[in-house]
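Worksheet: one structure, shown below.
Proteins get letters first, then strands, A, B, ... in listed order; numbering begins at 1 in each.
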Amino acid sequence: MKPSLVKGTRDFGPAVMQRRKYIFNTIETVFKKYGFMPLETPAMEQLETLTGKYGEEGDKLLFKILNSGDFAANANDAIWNSKASNKITSQISEKGLRYDLTVPLARYVAMNRNEITFPFKRYQMQPVWRADRPQRGRYREFWQCDADIIGSESLMNEADLLCIAAEIFEKLGIRFSILLNNRKILEAIASKLNIEDKFQSFVILIDKLDKVGFDAITNELSDLGLDNFQMDTLKNLLVKMPFNLNSISTIENKLIGIDRAKEGCDEIRKISNFTGTTGIINSIYIDLSLARGLDYYTGSIIEIKANDVKMGSISGGGRYDNLTGVFGLPSVSGVGISFGIDRIYDVMEELNLFANVAQTEVKAMFCHLDENGQNFNYTLASELRKEGISIEVFPDIKKLPKQFEYAEKKGIPVVIITGDDEIASEQLSYKNLITKEQGKIERTELGGFLK
RNA sequence: GUGGUUGUAGCUCAGUUGGUUAGAGCGCUUGAUUGUGGUUCAAGAGGUCGCGGGUUCGAGCCCCGUCUUUCACCCCA
């Protein structure tokens, strides 16, 4: 048969993995610096754990796993014959692949509530699966790197997440914009416009504002019942503002007398108090048109975009006040952020930001021309490896140019050439393949030379 | 899930209104070069034209299906 990949999935070869690992390591280092601890959960969850958490659209994108054994025989006859896919699914599938890392976290916290010390700060870097139609920057299998704080209502956590994001993207060399909003302010706006009952449709509409512009959604807004005056009010509110006290006051004044607005603005103000001295505020904007589709957000919402590449968001998150409630653990507030490393990779690739990522850790490759050289090199290599230096020994006896080409292609900077003269004198010939510099080096000094 | 788009050598792509044996550049292999590569020169290998079916005397080219890619919608990392 002809081998092929499943739609929307990819292999990651050594060169790509080296770069992906660099991104993972950068993110993980920053997470650890803020006190987050690692967690891993299974690729599959009970279907009922997953369904209903991501909205109607989200449920459609869940990958479902067929029951083991003779699943058809156990199905209810009437349902089986009804040809109603969604009903049949519930008869033959009880498991699904995880859709994100937040719901599995909520499930874990609810199950382990007695062992966990709160506030619980965990990070998780694992693949998730969505049955989306693939596009550039959109895959069916992709990796998320999440950091969440469960069991703390402090806005310091939001500030932490913003600082973490800023530090990660600065380290990776990506110019970015952080968009910040609060669901409570969105609720206040809906309340001011008297469309609280159509909040979901309203949120979806304004979320695509930055993509299509205000004029493109006026028809749909009037379908929601807005008149021209209300639309003007709305248009004035939904602008990208700098992250400072002035902007917050402006919003408060426009929504004066609505409690939810006051709450939302207070929250943003508290975040601003924490981050004020950190120097990251210039990358942050208050954007009231930021909505985010995920149903479970209740307070702060965050989204991050790369400035120099046209691509969906590379990171997103927010606060959810009752995610563990459905698992029998009410009144636990959490806040988290998720980094999409596949998109981050695509952005960095497009902007050529991988120049400083080494192709290999190997410091030198040993070449030889006969068995004596092979044996000598193998002994020498094992000595150097004990010192913690990455070394390759060319395994075969081939012409030198062939050996050089191998080292060149793997990005190994130095070759050591061992022949009879070198073995006798313990003076090894080396050549730097990048600078083309070559010479002799004492065997005993080789370790220091390669470090 | 809806509607478009894409697929030809390892890679990037040509390929005329349907007409013998499908091309180029790069890469690859071998040699010039038995201890110094990426230059140069010479020779060579490599393709069931995504897959399946159909129309035709004849299909890389036309039609249908399917898979893949990509774009818009939807949603999102």
Side-chain angles (χ1 to χ4, degrees), chain A residues 1-10 13 23 27 54-62 85-86 98-102 125-146 165 200-201 203-205 207-208 211-212 216 290-295 297 301-306 310-318 336-347 365 367-370 373 394 397-412 414-423 428-434 436-439:
Chain A
M1 67 168 285
K2 191 179 172 183
S4 67
L5 286 170
V6 168
K7 185 205 275 265
T9 67
R10 291 126 334 130
I23 301 173
I27 293 174
Y54 309 107
E56 209 176 309
E57 290 299 319
D59 282 357
K60 287 185 200 160
L61 301 179
L62 288 173
S85 302
N86 56 341
R98 66 167 165 254
Y99 179 92
D100 70 358
L101 301 177
T102 306
M125 309 201 294
Q126 290 190 279
V128 302
W129 294 269
R130 295 181 189 178
D132 227 336
R133 184 168 289 201
Q135 276 179 37
R136 192 175 89 110
R138 256 182 125 148
Y139 308 98
R140 288 188 152 183
E141 177 183 65
F142 61 97
W143 288 66
Q144 290 192 329
C145 302
D146 280 27
Q200 283 296 338
S201 325
V203 158
I204 289 168
L205 263 186
D207 198 32
K208 57 181 177 186
K211 214 170 182 178
V212 299
L290 171 65
R292 296 187 60 75
L294 254 41
D295 275 357
Y297 291 122
I301 41 184
I302 302 164
E303 196 160 286
I304 302 173
K305 295 196 165 198
K310 191 174 174 291
M311 171 99 62
S313 57
I314 51 179
S315 183
I337 192 166
S338 177
F339 296 84
I341 96 119
D342 303 86
R343 282 187 181 174
I344 292 172
Y345 182 97
D346 290 347
V347 166
M365 189 185 83
C367 308
H368 39 65
L369 302 144
D370 53 31
F394 196 80
I397 294 169
K398 284 194 179 169
K399 291 177 181 174
L400 275 183
K402 292 279 162 245
Q403 302 190 43
F404 279 32
E405 269 172 39
Y406 175 85
E408 168 76 21
K409 280 185 181 163
K410 285 196 76 173
I412 300 169
V414 173
V415 288
I416 307 290
I417 305 118
T418 306
D420 293 342
D421 293 349
E422 283 85 358
I423 296 174
L428 299 158
S429 300
Y430 71 86
K431 177 166 184 175
N432 186 312
L433 294 177
I434 299 156
K436 297 172 177 63
E437 178 209 352
Q438 55 183 318

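Counting any heavy atom pair closer than 4.0 Å across all strands shown, A:K436 reaches a base atom. A:D132 comes within 4.0 angstrom of a nucleotide base, judged by non-hydrogen atoms across all strands. Looking at heavy-atom distances under 4.0 Å, A:Q438 makes contact with a base. Using a 4.0 Å heavy-atom cutoff across all strands shown, A:I344 reaches no nucleic acid atom at all. Across all strands, A:K310 comes closer than 4.0 Å only to sugar-phosphate atoms, never to a base (heavy-atom distances). Nucleic acid contact class of A:E303 (heavy atoms, under 4.0 Å, all strands): none. In this structure, A:S429 reaches the bases: a heavy-atom distance under 4.0 Å links it to at least one base atom across the strands shown. Here A:I314 lies in heavy-atom contact (under 4.0 Å) with sugar-phosphate atoms only. A:D420 comes within 4.0 angstrom of a base, heavy atoms only. Using a 4.0 Å heavy-atom cutoff across all strands shown, A:G312 reaches no nucleic acid atom at all.
Stacking of A:F339 onto the six-membered ring of B:A77 is not present when judged by under 5.5 angstrom between centres and under 30° between planes.
Residue A:K399 is the one, among A:K399 and A:F404, whose nearest nucleotide of RNA chain B lies closer to the 5' end (criterion: closest heavy atom).
Side-chain proximity of A:S313 to the nucleotides B:C75, B:A77, B:U36 is greatest for B:A77. Picking from B:C75, B:U36, B:G31 the nucleotide with the shortest atom distance to the side chain of A:Y99 gives B:C75. Proximity note for A:K402 (side chain, C-beta onward) versus B:G35, B:C75, B:U30: the nearest is B:U30.
Between the base of B:G35 and the side chain of A:E422 there is a donor-acceptor pair shorter than 3.5 Å.
When all heavy atoms of A:H368 and A:F394 are compared, the pair lying nearest together is NE2-O, 2.7 Å.
Atoms CG (A:L290) and P (B:C76) sit 11 Å apart, rounded to a whole Å. Rounded to whole Å, the distance from NZ on A:K431 to C1' on B:U36 is 5 Å.
Phosphate proximity of B:C28 to A:K409: present, with a side-chain N or O under 4.0 Å from OP1 or OP2.
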message: Set out, in order, the CA-CA distance, both residues' side-chain angles and the distance that settles side-chain hydrogen bond (donor to acceptor under 3.5 Å, both in side chains) for A:S429 and A:E422, then state yes or no.
response: CA-CA 7 Å; A:S429 300; A:E422 283 85 358; 2.5 Å; yes
Show me the protein contacts with nucleotides 68-70 of chain B, counting only N or O atoms at under 3.5 Å.
unit_1: B:U68; atom_1: OP1; unit_2: A:K7; atom_2: N; d: 3.2
unit_1: B:U68; atom_1: OP2; unit_2: A:K7; atom_2: NZ; d: 3.3
unit_1: B:U69; atom_1: OP1; unit_2: A:G8; atom_2: N; d: 3.4

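For A:D207 (side chain) and A:A291 (main-chain N/O), a donor-acceptor pair under 3.5 Å exists by modelled atom type.
Annotation: side-chain hydrogen bond (donor to acceptor under 3.5 Å, both in side chains) contacts of A:W143 (sequence neighbours excluded): none.
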